[in-house]
Amino acid sequence: MASPLAALDRVFGPVFDGLLPGAASGLRPSQRADFQVDGALALARSLGRPPRDVASEVLEAAKQGGLMQVCEEAVVAGPGFINLTLSPEFLAGGLRSSAADPDLGIAKSARPVRAVVDYASPNAAKQMHVGHLRSAIIGDAIVRLLEASGHEVIRENHVGDWGAPFGMLIEHLHDLGEAEGAHELAVGDLENFYQAARAQYDRDPTFAERARGRVVLLQAGDPETLKLWEALVQRSVSHFDAAFHRLGTKLTRDDVVGESYYNPMLAGVVADLGKAGLLVESDGAMCVFPPGFSNREGKPLPLIVQNSVGGYTYATTDLAAIRDRVDRLGARLLVYVVGLPQTQHFQMVFAAARMAGWLPDDAEAVHVGFGSILGPDGKMFRTREGGTVKLAELLDEAVDRARSLLLARAEGEGDAQAGGAGPVGGVVGAIEALAEAVGIGAVKYADLASDRTRDYRFDWDRMLSLDGNTAPYIQYAHARVCSILRRAVGALEGAQGEGAQGEGAQGEGAQGEGAQGEGAQGEEAQGEGAEASAGGPAGEIGVAKAARPAGGAGTAGGGGAEGDGAGRLRGPFLQPALVLPPAEPEERELAKRLLGFADAVEATLATYSPHKLCGYLFDLATSFTNFYEHCPVLRAPDRGTRSSRLVLCALSGAVLERGLSFLGIAAPERM
RNA sequence: GCCCCCGUAGCUCAGCGGAUAGAGCGGCCGCCUUCUAAGCGGCGGGUCGCAGGUUCGAGACCUGCCGGGGGCGCCA
């Protein structure tokens, strides 16, 4: 149990419950101490006693309950707050269990469920644009977090592959002829294809008439029409697949469950609503009237499931999807990552599904809504010409910008390290993968980092900045971790090769450079192996641990090619036995931060708010950077401190990488 | 007309009913013979849109205004 919050809650929870059943402890992080307990103030009110007296009593009881195993200081302050300072020993214990835990402290849910997450949902035969970006990115983060918490997740990409627009698209494809059409679809931009069909539809009444006829043929299952439709949809799905792969989401074409899938179920939905007595005819349309919704005249607002000409609506499809997900898939959590304008629609659909008994009491449906993406000018995000920003072009620009920054940095480094042993060449060689990781990571992080219910302002310079709450800043902290570990590993290998010679170098190690320095470090690394053996079986520990995949959640998307490498790098250093109680303030702060990972994940999932995890990772990266600035690792004052700090580094790297992976963002080893 | 979301530092944003409201950017000052300075430290910067109310305690909860965005019966 690494989480201090959980440990303190176990102490204070029973105390408050004992004084007044159900009373909240008001335990939370504090700016004046590590944590504070506010509950005594409210409790004093209920008990009619002076707050400070109650606080003292609570504190006494907490001490009886083992508080001092967690804290080194606990005092009543101000009007009746209790300020808590964690003990270094407790922090060390937390670090040890965290280092030994492949899940880094994240517990599996006590009540795992099967969940369906509905996200991305682009429209077939149209380019994806930034509007689909948020859904894909937020949805993917939710999927990964649910999985990490032990839930079984089924991803569904509810692609718009049915309905009226396909009449004109199919008709246009038909007009082009099989050969020409296939060619168009193969090489052409789908957006152009859509525009061409649209233009034809608008200017040619006979074409429009045929297009409407096509819709009927499509719904009737006409073979030739279906064949053309299939070609269109497959082409679109391939386009989506490529885009999602590049974005680094978990979505593949296997997750596509388009609207067309529900088509055969729609008549049954309406029929069953009728049987349940929920259907009302209004102006020729079949409607459900869930209570609590009204239109502009103040009259009950209908959910139309069949329009006056007999067609089904997206409400019908959504109801069918609920039945399918609950009954066929056995899901008990339905998550919809769809824009905020759909709020009322989902409220009504969920309400109707409850009324019909399709959403049982033990099932939960959640609309995870999000705001729009705005341009730097604060208006809807569009190209300079006023058109829709295409996703592919957006990602290209992100990668281009990242590449420029990386190249500029590589050049600067070349000057600084003139004559050095050429990491620059390696950086240049890997620059494409890095540019993908940084550029796409920046776009995704910017989207996740602010409260999803707000509109968010798209700003290249801010999202790619290395300063502030950005992906590059966090990735950079991770790269610094790797840099230290690489050198430490190098020293370890050096020791194996020339252990004997290393001995003499130790005395000069402090000033030593180059080969001599390596030798000195190598000598220490050997000693580390010996220390490790105190806490477990001998020297193989390093090797055995090294093989353990610390990045167990799998590599993050995009340029995730390096993910496994960082895990291998950390392995030898994630040794619980080497952890010392943090002594320096920066060590202490970093340790506390590391132990808060599970709490951050839990808080994020509780409200489906990825920005909370972003905030945590930013704080962690900041804590690590402070530690990095103030606490030398490889040149630590003594061997024990060095080993312990290496564990802190390895754990920081593991949490940063894992946290970024939950957001679907790569953690490169070098930047 | 009704409903929903938003309004916090010059800008972009955090903020869990609790103590003196926090970051980052931008501005000013300082720190690289030392593990990646794309970094770190410091300084300045706020009647939390306005007005009432609830509470021992409100940026947070309630009501009403003001401002911005969105939705409100046969598109999805």
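Source: prediction; values computed, not measured. Chain A is the first sequence line, chain B the second, and so forth, proteins listed ahead of strands; every chain is numbered from 1.
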Using a heavy-atom cut-off of 4.0 Å across all strands, would you classify [X] as base, sugar-phosphate, or nothing?
X: A/Asn83; value: base
X: A/Asn626; value: sugar-phosphate
X: A/Phe293; value: nothing
X: A/His345; value: nothing
X: A/Asp459; value: nothing
X: A/Ala315; value: nothing
X: A/Ala44; value: nothing
X: A/Cys614; value: nothing

- Item | Ring centers of A/Tyr314, A/His345 separated by less than 6.0 Å | yes
- Task: Decide, yes or no, whether a salt bridge links A/Asp638 with A/Arg642 under the criterion of side-chain N to carboxylate O below 4.0 Å.
- Result: no
- Item | Heavy-atom side-chain contact between A/Arg214 and A/Leu169 under 4.5 Å | no
- base_contact_polar (B/A21 base, A/Gln31 side chain, donor-acceptor, <3.5 Å):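 By the distance-only test, no, there is no pair.
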- Note on the structure: Checking B/G70, B/A76, B/G73 against the side chain of A/Tyr314 (C-beta onward), the nearest is B/A76
- So what stems show up for RNA chain B if we need 3 or more Watson-Crick or G-U pairs in a row, all under 3.5 Å? B:1-7 with B:66-72, B:10-13 with B:22-25, B:27-31 with B:39-43, B:49-53 with B:61-65
